[in-house]
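Hydrogens, waters and symmetry mates play no part in the numbers below; they use all other heavy atoms, side chains included. Letters A, B, ... mirror the listed sequences (proteins, then strands); counts begin at 1.
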There are 2 protein chains.
Amino acid sequence: MLAVQLEPQDIRILTALQANARLTNVELSEQVNLSPSQCYRRLKRLEEQGFIKQYATIVSRRAVGLDVMAFVSVTLDKHGEDPARAFNEAVNRFPEILECWAVSGDSDYLLRVVSTDLRSFSNFLMRDMLSLPMVAGVKSTILLEEEKNTTALPLNHLRD
Amino acid sequence: MLAVQLEPQDIRILTALQANARLTNVELSEQVNLSPSQCYRRLKRLEEQGFIKQYATIVSRRAVGLDVMAFVSVTLDKHGEDPARAFNEAVNRFPEILECWAVSGDSDYLLRVVSTDLRSFSNFLMRDMLSLPMVAGVKSTILLEEEKNTTALPLNHLRD
DNA sequence: TGTGAAAAAAACACGTG
DNA sequence: CACGTGTTTTTTTCACA
């Protein structure tokens with residue numbers, strides 16, 4: 001999917017909505033200095049064209065007691081049939097795995113995982129991950145302190 | 001911030017809104033089997049109590065031409081005064097750094113970074129990161145394939 | 001494009017159990 | 001006090017100029 005064809009107005013709209021998906025059309029139009037009708041039409045177009053993946057509610061991880069977040073590097077056992085496929089299917093069964101990426105480098109996959117506490121995280125690694133037949137090994141990195149955390153993509157590269 | 005005091009109705013509301021932040025109150029009430037007024041009041045309460053961090057619009061990374069995403073491990077040079085603080089300030093100046101975490105393990109920080117292409121990512125590493133005086137070294141892992149990617153936290157652990 | 005009308009939704013007050 | 005109902009205000013959506 002190619003970028004371009006985004007005008008400065010569209011970029012301003014996306015920027016504002018990245019910060020707050022529940023802006024009303026009038027609030028949005030004030031923030032981006034466009035008429036409400038123009039805002040409305042542009043947003044509908046952006047939605048249709050697939051620029052907006054989702055309107056998401058971000059729940060506070062701490063508030064719901066998910067005190068542990070970690071990245072887990074996974075190395076697969078290349079034997080057996082289609083271990084990658086089997087692993088992906090397993091990954092989708094675990095809601096505590098928020099992300100799974102095939103990666104370059106030492107390991108095969110990188111997972112972002114949340115848990116209520118270290119004990120439960122350890123259980124996840126030992127009982128859930130290492131028991132998967134195609135998993136050869138895991139290595140985890142626990143996130144200690146959040147210095148920055150946003151879902152907002154930079155859009156300045158789209159300005160010519 | 002402690003968890004608990006969340007009733008099954010609240011969990012259903014949060015679950016539905018995590019998938020779609022723009023549900024109307026009536027749509028929400030239908031999905032979670034509550035009256036609209038009850039839904040409305042519960043949601044306002046959840047917002048006040050800090051369970052909702054943000055309503056975010058998730059922009060399609062590919063659509064806006066950010067073809068490269070990577071994790072970057074950063075090791076700091078512990079000399080000089082307060083290198084951690086200086087690093088955090090630097091991190092916040094770069095919009096292409098979406099996340100920055102202090103981590104356990106070999107390195108000190110882990111960044112999530114987006115770029116338009118490998119050349120620009122390489123520039124970011126060489127020119128921007130390695131030129132920072134407190135940065136001793138970086139090691140990057142490029143994300144090749146997205147197998148799973150959600151902002152929705154699991155909430156089933158809150159059910160008694 | 002903006003303007004205006006119609007429909008839908010949000011926000012709030014009131015009464016009831 | 002929590003709940004549903006009804007009212008007012010705001011917002012969305014669409015037709016028209």
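In terms of position along DNA chain D, the nucleotide closest to B:Q38 lies nearer the 5' end than the nucleotide closest to the other residue of the pair B:Q38 and A:V26. Nearer the 5' end of DNA chain D, as judged by each residue's closest nucleotide, is the contact made by A:R22, out of A:R22 and A:R41.
In this structure, A:K44 atom NZ and D:dT11 atom C1' are separated by 12 Å, rounded to whole Å. B:R45 places its CZ atom 17 Å from the C1' atom of C:dC12, with the value rounded to the nearest Å. As rounded to whole Å, 13 Å separates atom P of D:dT13 from atom CG of A:L28. Across the protein-nucleic acid pair, A:N33 atom CG and C:dT1 atom P stand 15 Å apart, rounded to whole Å. Atom CG in B:L43 sits roughly 16 Å away from atom P in D:dA2 (whole-Å rounding). One can place CG of A:L34 at 14 Å from P of C:dT3, the figure rounded to the nearest angstrom. Rounded to whole angstrom, the span from the CZ atom of B:R42 across to the C1' atom of D:dG4 amounts to 14 Å. One can place CG of B:N25 at 14 Å from C1' of D:dT5, the figure rounded to the nearest angstrom.
A salt bridge links A:E99 to B:R112: one of the charged nitrogens lies within less than 4.0 Å of a carboxylate oxygen. Checked for salt-bridge contact, A:E48 and A:K44 miss the test: no charged N lies under 4.0 Å from a carboxylate O. A salt bridge is defined here as a Lys NZ or Arg NE, NH1 or NH2 lying under 4.0 Å from an Asp or Glu carboxylate O, and B:D106 with B:K139 fails to meet this definition. Salt-bridge formation is detected for the pair A:R85/A:E89: a Lys NZ or Arg NE/NH1/NH2 atom is positioned less than 4.0 Å from an Asp or Glu carboxylate oxygen.
Across all strands shown, A:S37 has heavy atoms under 4.0 Å from base atoms, whether or not it also approaches the sugar-phosphate.
A:S35 has a side-chain polar atom (N or O) that falls below the 4.0 Å cut-off from OP1 or OP2 of C:dG2. Listed pair A:Y40 / D:dT12 fails the phosphate criterion, with no side-chain N or O lying under 4.0 Å from OP1 or OP2.
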